[in-house]
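Naming: A, B, ... by sequence-line order, numbering from 1 per chain. Heavy-atom basis, side chains included; hydrogens, waters and symmetry copies ignored.
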There are 2 protein chains.
Amino acid sequence: MFIEIEANSSVPIYLQLAQQLIEGIARGDLKPGDSLPSVRAFAADLGMNMHTVNKAYHYLEEKEFIQIVAKSGVIIQPNGIPKASEKEKQQLAAQIRPLIAEGLVLKLSEEEMVAMLRELVQDIKEGKL
Amino acid sequence: MFIEIEANSSVPIYLQLAQQLIEGIARGDLKPGDSLPSVRAFAADLGMNMHTVNKAYHYLEEKEFIQIVAKSGVIIQPNGIPKASEKEKQQLAAQIRPLIAEGLVLKLSEEEMVAMLRELVQDIKEGKL
DNA sequence: GACTTGCTCTATCATATATAGAACAAATGT
DNA sequence: ACATTTGTTCTATATATGATAGAGCAAGTC
């Protein structure tokens, strides 16, 4: 797993970390049952604070993408991650919606945005930045 | 323009306001040259602070969706909003990317996400919540 | 000339982000 | 058995952001 953190981003670094782990799962680089580094080791590796890694882990745990086993370690959801519930789909749509609206204001056609989405899926699966 | 602000959202209310104005533009409800309420009047109408509306306006001005004419008023970009530049497209893609990745983790297929996008475009154009 | 306009300034309060260090108790590795 | 590692919890500090509040300014509008 290669993690790239932009210090000068408006996206908090705990979120950047969580998002890149999510991409790792999407890509299949991180599989069910795989263990993640300890908060201390990961923090040292990434040059950030232990509590920041911890926050990223809890963010992912709340989404049920990982399991945090106290005093033991952190693993990718061992039974596999279930398909999106209706609630999760709606939450995703609600988050994407303002971006689509902005695209429309910028005169992007529906087809252009569909193409953009398909390219993003490819990029993510290929681990392409 | 009907504006709905959720007080208990994690999205700042100045951003909610800006996003709903963007939807108004996308929908064609707000056309080039249309004037927006004064910061004071809008704030009173929405039950929020003048400075919060002002922040939303400056957010939109930075995107060049509106023009703020000091000591006069605020209008939708009178010459029309130009088509997205490459930079704007990349910025949009960068913001959508983590959401697509999350969709993939939740086992949504590319086609399901395309369908979701098409529905969002419809909803926005119809002003449907 | 009165009113409205966006802008600026100071101020306060709450929350979020990030770092730091210490201590705890249980699981793990040898 | 013992030392190490683990996530958790606590206090603490610093910075940034979000939101509100009120006052005053200078220029545009009616």
Are there over 12 heavy-atom neighbours, none belonging to [X], within less than 6.0 Å of that residue's [atom1]?
X	atom1	answer
B:E4	CD	no
B:E6	CD	no
B:E111	CD	yes
A:E64	CD	no

Between [atom2] on [N] and [atom1] on [X], what's the gap in Å once rounded to a whole number?
X	N	atom1	atom2	answer
B:H58	D:dT17	NE2	C1'	17 Å
A:I68	D:dT9	CD1	P	11 Å
A:R40	C:dA22	CZ	C1'	10 Å

request  = Please work out whether the ring planes of B:Y59 and B:Y14 are parallel, tilted or perpendicular, with thresholds of 30° and 60°.
outcome  =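 Plane angle over 60°, so perpendicular.
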Residue-level proximity of residues 6-24 of chain B to DNA chain D when a heavy atom falls under 4.0 Å =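 Within residues 6-24 of chain B, the residues near DNA chain D are B:P12, B:I13, B:Y14.
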ask   = Under a 4.0 Å heavy-atom cut-off, which of residues 41-57 of chain A touch DNA chain D?
value =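 Within residues 41-57 of chain A, the residues near DNA chain D are A:M50, A:H51, A:N54.
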ask   = With a 3.5 Å cut-off and no angle check, do the side chains of B:Q67 and B:Q77 form a donor-acceptor pair?
value =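 B:Q67 vs B:Q77: donor-acceptor pair found between side chains.
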request  = Assess whether side chain to side chain contact (heavy atoms under 4.5 Å, CB included) is satisfied between A:Q19 and B:R97, documenting all intermediate values.
outcome  = CA-CA 9 Å; A:Q19 287 172 345; B:R97 179 169 175 139; over 6 Å; no
Contacts under 3.5 Å, N or O only, protein and nucleotides 26-30 of chain C:
from	atom 1	to	atom 2	distance (Å)
C:dA27	O4'	A:K71	O	3.4

message = With a cut-off of less than 4.0 Å, is there a side-chain N or O of B:S38 near OP1 or OP2 of C:dT4?
response =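 Checking B:S38 against C:dT4: no side-chain N or O falls below 4.0 Å of OP1 or OP2.
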